[in-house]
Number of protein chains: 2
Amino acid sequence: MSKENASKNQLLRMPTYLYHLKMLKESGVEYVTAPKLARELDLNVELVKKDLALVSLDQGKPRVGRSIDVLITDMIAFLEYDQITEAVLIGCGSLGSALADYQGWSNFGLKIVAIFDNDMKLIGTKINNLTVLPLERLEEIQAIYHAPIGIITVSKQAAQIIAERLVKAGCRALWNFAPVHLRVPKRIIVQDESMASSLAILNHRLRQ
Amino acid sequence: MSKENASKNQLLRMPTYLYHLKMLKESGVEYVTAPKLARELDLNVELVKKDLALVSLDQGKPRVGRSIDVLITDMIAFLEYDQITEAVLIGCGSLGSALADYQGWSNFGLKIVAIFDNDMKLIGTKINNLTVLPLERLEEIQAIYHAPIGIITVSKQAAQIIAERLVKAGCRALWNFAPVHLRVPKRIIVQDESMASSLAILNHRLRQ
DNA sequence: TAGATTGTTAATCGATTAACAATC
DNA sequence: TAGATTGTTAATCGATTAACAATC
């Protein structure tokens with residue numbers, strides 16, 4: 001199976017499996033079956049079977065399932081968490097700082113190599129070993145790193161301009177935390193991270 | 001149209017429309033049509049037509065579209081952004097602090113009424129007018145507020161325990177930022193906010 | 001009027017779920 | 001062996017897209 005066929009929903013589920021598998025491994029479990037995972041993660045069995053088949057390089061054994069170790073390895077390879085992708089982050093407000101401060105990105109194959117802001121009070125301060133750089137230096141720094149990912153944690157007013165600068169500076173993908181629809185060339189990948197959308201679903205379900 | 005029928009994807013799109021409508025309003029536009037929104041947000045026209053019909057209390061006018069003002073009002077009513085729902089937040093690390101610090105929640109009908117941590121260095125400090133309270137006081141404070149939403153920004157190790165305490169303390173919905181699947185009673189609404197999943201999609205698309 | 005937009009009904013598409021034979 | 005689990009094929013479900021008559 002090649003991952004070209006992975007659907008968006010499947011991709012979304014994969015990290016959940018990985019977390020859970022790691023937890024099971026820690027508690028000493030050596031083999032895992034689709035029905036077990038389905039029960040523990042509240043998913044449909046057939047769904048889990050198909051997801052596992054997609055990432056697994058070899059078949060599972062009837063009545064036994066799969067080796068957790070092998071499955072974890074396959075999952076990491078599938079998600080390409082072993083290959084580091086570099087990113088620059090623009091906007092060191094509280095959200096941007098929190099992202100820059102997060103120690104766990106390397107587990108997901110992400111490395112933030114430079115962080116920028118245009119606030120004089122922030123420029124020069126350090127977050128997680130990274131110095132906040134003035135926004136003017138974005139192009140100069142990108143010319144060195146060629147980071148494929150740009151993380152946008154600026155205000156909605158600034159987001160479109162920043163997006164355009166990142167694209168010009170060579171970013172091929174934008175992880176957008178600002179609540180605006182970014183207009184960029186077709187070839188550019190935009191992943192919107194909308195807390196508002198997420199909250200809308202929560203609220204809707206809460207109110208029946 | 002009643003919002004009982006709103007699909008998950010429709011809910012996800014709604015805040016995007018609202019942001020865009022507000023932006024158009026600011027730039028002086030008075031009427032908007034489905035084809036215009038579809039073009040500007042890179043969506044299918046029929047999709048937009050159905051989404052607007054779902055939230056609109058009255059019909060659009062052929063050749064004219066809808067009044068932006070009325071549509072914004074309808075959208076806010078639909079998303080219930082005018083009704084404040086209270087929340088307690090557990091875990092004032094960098095992500096939790098960023099969420100507590102965010103000034104815009106009231107625009108989405110959310111009000112964080114209390115924030116908790118068990119780190120002595122954080123307890124007593126102030127974030128956005130809220131004092132970080134010791135975790136032991138969670139039940140006592142919840143007995144006063146009865147906040148329906150619990151925001152979980154603790155480590156994955158602590159998340160399940162915190163979830164259970166929040167449920168016992170009367171939360172009906174959990175907004176979970178920890179990378180674990182929470183096991184809670186069926187009646188409890190869980191909205192997972194997984195950066196890892198989001199990043200997985202971005203990375204996958206980036207690598208072709 | 002002509003034509004863009006509306007709402008709605010039908011067709012398509014894709015993901016989830018169910019069913020089942022094969023396996024250890 | 002019996003029975004749980006596997007992979008796969010078929011059925012179902014729901015969302016998106018296309019088609020079209022009605023409207024101003």
Side-chain angles (χ1 to χ4, degrees), chain A residues 1-14 16-17 20-21 24 29-68 70-71 74-75 78 181 197 200-201 204-205, chain B residues 1-14 16-17 20-21 24 29-68 70-71 74-75 78 181 197 200-201 204-205:
Chain A
M1 270 291 141
S2 116
K3 76 173 195 302
E4 321 298 314
N5 325 318
S7 77
K8 196 189 155 191
N9 287 356
Q10 281 185 305
L11 255 338
L12 284 171
R13 286 191 292 269
M14 295 310 178
T16 309
Y17 291 126
H20 198 72
L21 291 170
L24 289 175
V29 181
E30 289 185 17
Y31 284 85
V32 72
T33 65
K36 180 182 166 72
L37 281 175
R39 266 194 313 276
E40 294 179 352
L41 295 172
D42 297 316
L43 294 170
N44 178 283
V45 191
E46 282 76 21
L47 200 69
V48 177
K49 284 198 274 182
K50 287 196 172 159
D51 289 346
L52 296 189
L54 185 67
V55 300
S56 280
L57 299 181
D58 34 47
Q59 300 215 134
K61 288 178 200 150
R63 283 201 51 100
V64 179
R66 289 179 159 85
S67 151
I68 287 221
V70 173
L71 195 47
D74 287 351
M75 188 68 82
F78 179 84
H181 176 74
S197 293
I201 290 181
H204 178 264
R205 295 202 285 163
Chain B
M1 269 291 141
S2 116
K3 76 173 194 302
E4 321 297 313
N5 325 318
S7 76
K8 196 188 156 192
N9 287 356
Q10 281 184 305
L11 256 337
L12 284 171
R13 286 191 293 270
M14 295 310 177
T16 310
Y17 291 125
H20 198 72
L21 290 170
L24 290 175
V29 182
E30 288 185 19
Y31 283 85
V32 72
T33 65
K36 179 182 166 71
L37 280 175
R39 266 194 313 276
E40 295 179 352
L41 294 172
D42 297 315
L43 294 170
N44 177 284
V45 192
E46 282 76 21
L47 201 68
V48 178
K49 283 197 274 181
K50 289 196 172 164
D51 288 347
L52 296 189
L54 184 67
V55 300
S56 280
L57 298 181
D58 34 47
Q59 299 215 135
K61 288 180 200 147
R63 284 201 52 99
V64 178
R66 289 178 161 85
S67 151
I68 288 221
V70 173
L71 195 48
D74 287 351
M75 189 68 82
F78 179 84
H181 176 73
S197 293
I201 290 181
H204 178 264
R205 294 203 285 164

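Chain letters run A, B, ... following the sequence lines, proteins first, then strands; residues in each count from 1. All values below come from the heavy atoms of this structure, side chains included, with hydrogens, waters and symmetry mates left out.
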Options D:dA15, D:dG7, D:dT6, nucleotide nearest the side-chain atoms of A:Gln59:
D:dG7

Result for 5'-nearest mapping on DNA chain D, choosing between A:Arg63 and A:Thr33, is A:Arg63

Identity of whatever pairs with D:dA22 - Watson-Crick or G-U, under 3.5 angstrom:
C:dT5

Measure the NZ-CG distance between B:Lys49 and B:Leu43 for me, rounded to the nearest 0.5 Å.
14.0 Å

Would B:Tyr17 and B:Leu71 count as a side-chain contact (heavy atoms from CB on, under 4.5 Å) if you check the C-alpha gap in whole Å, the side-chain angles of each, and the deciding distance to 0.1 Å?
CA-CA 10 Å; B:Tyr17 291 125; B:Leu71 195 48; over 6 Å; no

Can you tell if the side chain of B:Val29 reaches within under 4.5 Å of the side chain of B:Leu21, non-hydrogen atoms only?
no

Counting the atoms with a prime plus P, OP1 and OP2 as sugar-phosphate, which does A:Gln10 contact under 4.0 Å by heavy atoms, base, sugar-phosphate, or nothing?
nothing

CG of B:Leu54 versus P of C:dT6: gap in Å, rounded?
16 Å

Using a cut-off of strictly less than 4.0 Å between a heavy atom of the residue and any atom of DNA chain C, enumerate the qualifying residues of residues 42-50 of chain B by number.
B:Lys49, B:Lys50

What is the separation between atom CG on A:Asn9 and atom C1' on C:dA15, rounded to the nearest whole Å?
7 Å

Residue whose nearest DNA chain C nucleotide is more 5′ - A:Asp51 or A:Pro62
A:Asp51

Across all strands shown, which nucleotide pairs with C:dA10 by Watson-Crick or G-U wobble geometry, both distances under 3.5 Å?
D:dT17

Closest non-hydrogen contact found for A:Arg66 with A:Asp58 is NH2-O, 3.8 Å

If only side-chain N and O atoms of A:Arg13 are considered, is one of them under 4.0 Å from the OP1 or OP2 phosphate oxygen of C:dT16?
yes

Check the distance between C:dG14's P and A:Leu12's CG and give it to me in whole angstrom.
18 Å

Rounded distance in Å - NZ (B:Lys8) to C1' (C:dG14)
16 Å

Whole-Å distance separating the CG atom of B:Leu37 from the C1' atom of C:dG7
16 Å

In whole Å, what is the span from the CZ atom of B:Arg66 to the P atom of C:dT6?
7 Å

Taking A:Ser197 as the fixed residue, which of B:Asn9, B:Leu12, B:Leu11 is the one that meets the side-chain contact (heavy atoms from CB on, under 4.5 Å) rule?
B:Leu12

Looking at B:Met14 and B:Asp51, what are the two nearest heavy atoms and their distance?
CE-O, 3.7 Å

Indicate yes or no for a side-chain donor-acceptor contact from B:Thr33 to the backbone of B:Gly65 under 3.5 Å, with no hydrogens or angles considered.
no

